[in-house]
Protein chains: 2
Amino acid sequence: MFKEKAVEALRNSGLKITKPRLWIVEYLDGNKNHPTAIDIFQEVRREDKDFSFATVYNTLDILVKEGIIKQIKTEEKSCRYDPNTGLHGHFYCKNCGKLFDVDLKQTNFLDETISFGKVEDYEIKFYGICNSCIN
Amino acid sequence: MFKEKAVEALRNSGLKITKPRLWIVEYLDGNKNHPTAIDIFQEVRREDKDFSFATVYNTLDILVKEGIIKQIKTEEKSCRYDPNTGLHGHFYCKNCGKLFDVDLKQTNFLDETISFGKVEDYEIKFYGICNSCIN
DNA sequence: ATTACTGCAAATACTTTGCAATTGT
DNA sequence: ACAATTGCAAAGTATTTGCAGTAAT
């Protein structure tokens with residue numbers, strides 16, 4: 001599903017379906033870990049799949065621009081990537097660094113910003129200490 | 001007000017009130033431009049006030065940790081700083097890079113995250129094109 | 001007097017770039 | 001065949017670090 005949608009989006013924009021791009025898309029499909037570019041680079045390359053750093057960044061940039069994945073900035077240096085583009089927020093644990101998905105039921109606060117301009121995207125993040133780190 | 005509160009917070013934590021810290025606090029007081037560390041470094045040094053890069057970062061880190069200012073991450077590389085720590089979001093214009101303050105009246109979505117852990121802070125950001133860039 | 005803070009310049013970490021070689025269409 | 005993409009290694013950018021000297025308490 002995700003992979004098919006990604007491939008179609010790339011194709012529609014006249015972008016090539018290269019091996020590295022497919023590998024990265026496959027890796028991200030259903031991934032709930034919010035990996036960094038470096039995570040992706042390292043983990044995908046484990047499996048006899050060879051490509052360079054530049055390609056990871058290039059591919060991730062393209063996927064973000066195509067709206068296939070989202071980029072998330074946390075308190076850490078490297079940003080993370082999320083194949084889930086639906087409405088949700090994130091909870092970042094300052095202690096263990098884990099990033100949790102947060103459901104957001106009421107979405108009406110989006111309307112509040114209309115006076116500034118055209119909203120294309122939004123990002124809602126919570127910072128704190130997660131339950132397992134509290135205990 | 002802001003300055004006084006900042007000085008008190010530093011003092012309460014046993015931190016020293018050094019010249020660079022005061023200059024930076026004074027510069028941020030009432031500042032609505034969401035400057036980056038580099039902005040702050042350059043602009044404060046204009047006025048016969050001399051200090052180093054490391055000090056800007058050191059000071060900003062401390063002010064963030066003390067809860068006196070907030071750090072905002074945008075799509076740009078360098079992050080920005082905001083002396084306004086009250087409840088508000090930000091609207092980032094992808095075209096001109098300006099960052100606008102957004103009022104948030106309903107704050108109840110904060111409660112939704114309690115199941116994950118203890119929320120200490122949150123960040124709400126909107127991305128889009130601002131009115132002046134549309135026209 | 002004591003200890004935290006600063007300045008400097010070098011180090012680090014992440015990301016981007018340029019260009020020749022390669023690959024997808 | 002053609003243009004886009006890759007790989008590589010080098011450059012860039014923001015931020016951090018170590019340590020000797022300096023300033024705040």
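Throughout, protein chains are lettered first and strands after them, A, B, ... in sequence-line order, and every chain is numbered starting at 1. Please read all numbers here as calculations on a predicted model, not as lab measurements.
- Regarding A:Q42, its CD atom lies at a distance of 13 Å from the P atom of C:dA13, rounded to whole Å.
- Figure legend: B:K118 and A:F91 shown without cation-pi pairing, the cationic atom not lying both under 6.0 angstrom from the six-membered ring centre and within 45 degrees of its axis.
- Each of D:dA24, C:dG24, C:dT16 was ranked by its minimum atom distance to the side chain of B:K19; first place goes to D:dA24.
- Of the two residues near DNA chain C, B:R45 and B:L15, the one whose nearest nucleotide lies more 5' is B:L15.
- The NZ-P distance, from B:K73 to D:dA14, rounds to 14 Å in whole Å.
- Nearest nucleotide to the side chain of A:A37, out of C:dT15, D:dT6, D:dT25: C:dT15.
- Separating the CG atom of A:L10 from the C1' atom of C:dG24 is a distance of 13 Å, rounded to the nearest angstrom.
- For A:P20, counting side-chain heavy atoms from C-beta on, the closest listed nucleotide (D:dT16, C:dC5, D:dT6) is D:dT6.
- Among C:dG7, D:dA14, D:dT25, the nucleotide with an atom closest to any side-chain atom of B:S78 is D:dA14.
- Between the CG atom of B:L60 and the C1' atom of C:dC5 there is a distance of 15 Å, given to the nearest Å.
- Residue whose closest nucleotide on DNA chain C sits further toward the 5' end, between A:A54 and B:T59: B:T59.
- Regarding A:N58, its CG atom lies at a distance of 18 Å from the P atom of C:dT22, rounded to whole Å.
- Looking at B:D39 and B:T36, their side chains do bring a donor and an acceptor atom within 3.5 Å of each other.
- Of the candidates D:dT15, D:dG7, C:dT15, the closest approach to any side-chain atom of B:Y57 belongs to D:dT15.
- Among the heavy atoms of the strands lying under 4.0 Å from B:F51 are primed sugar atoms or P, OP1, OP2 only; no base atom is included.
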- Task: Test B:E123 against B:K125 for salt bridge (Lys or Arg N to Asp or Glu O under 4.0 Å), laying out the working first.
- Result: CA-CA 6 Å; B:E123 204 175 341; B:K125 252 166 358 196; 3.7 Å; yes
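- Contact between the side-chain N/O atoms of B:R21 and the OP1/OP2 oxygens of C:dT6 is found at a separation under 4.0 Å.
- Nucleotide C:dC14 holds its P atom 8 Å from the CZ atom of A:F53, rounded to whole Å.
- In this structure, the CZ atom of B:F41 is 15 Å from the P atom of D:dT16, given to the nearest Å.
- By the 6.0 Å and 45° rule, A:K32 does not stack over the aromatic ring of A:Y81.
- Heavy-atom contacts from other residues, nucleotides or ligands closer than 6.0 Å to NZ of B:K5 number 12 or fewer.
- Listed candidates were D:dT6, D:dT15, C:dC14. Nearest to the side chain of A:T18 is D:dT6.
- Across the protein-nucleic acid pair, B:K77 atom NZ and C:dT17 atom C1' stand 10 Å apart, rounded to whole Å.
- With D:dT25, C:dT25, D:dG7 as the candidates, the nucleotide lying closest to the side chain of A:S52 is D:dG7.
- In this structure, the nucleotide among D:dT5, C:dT15, D:dT15 sitting nearest to the side chain of A:K16 is D:dT5.
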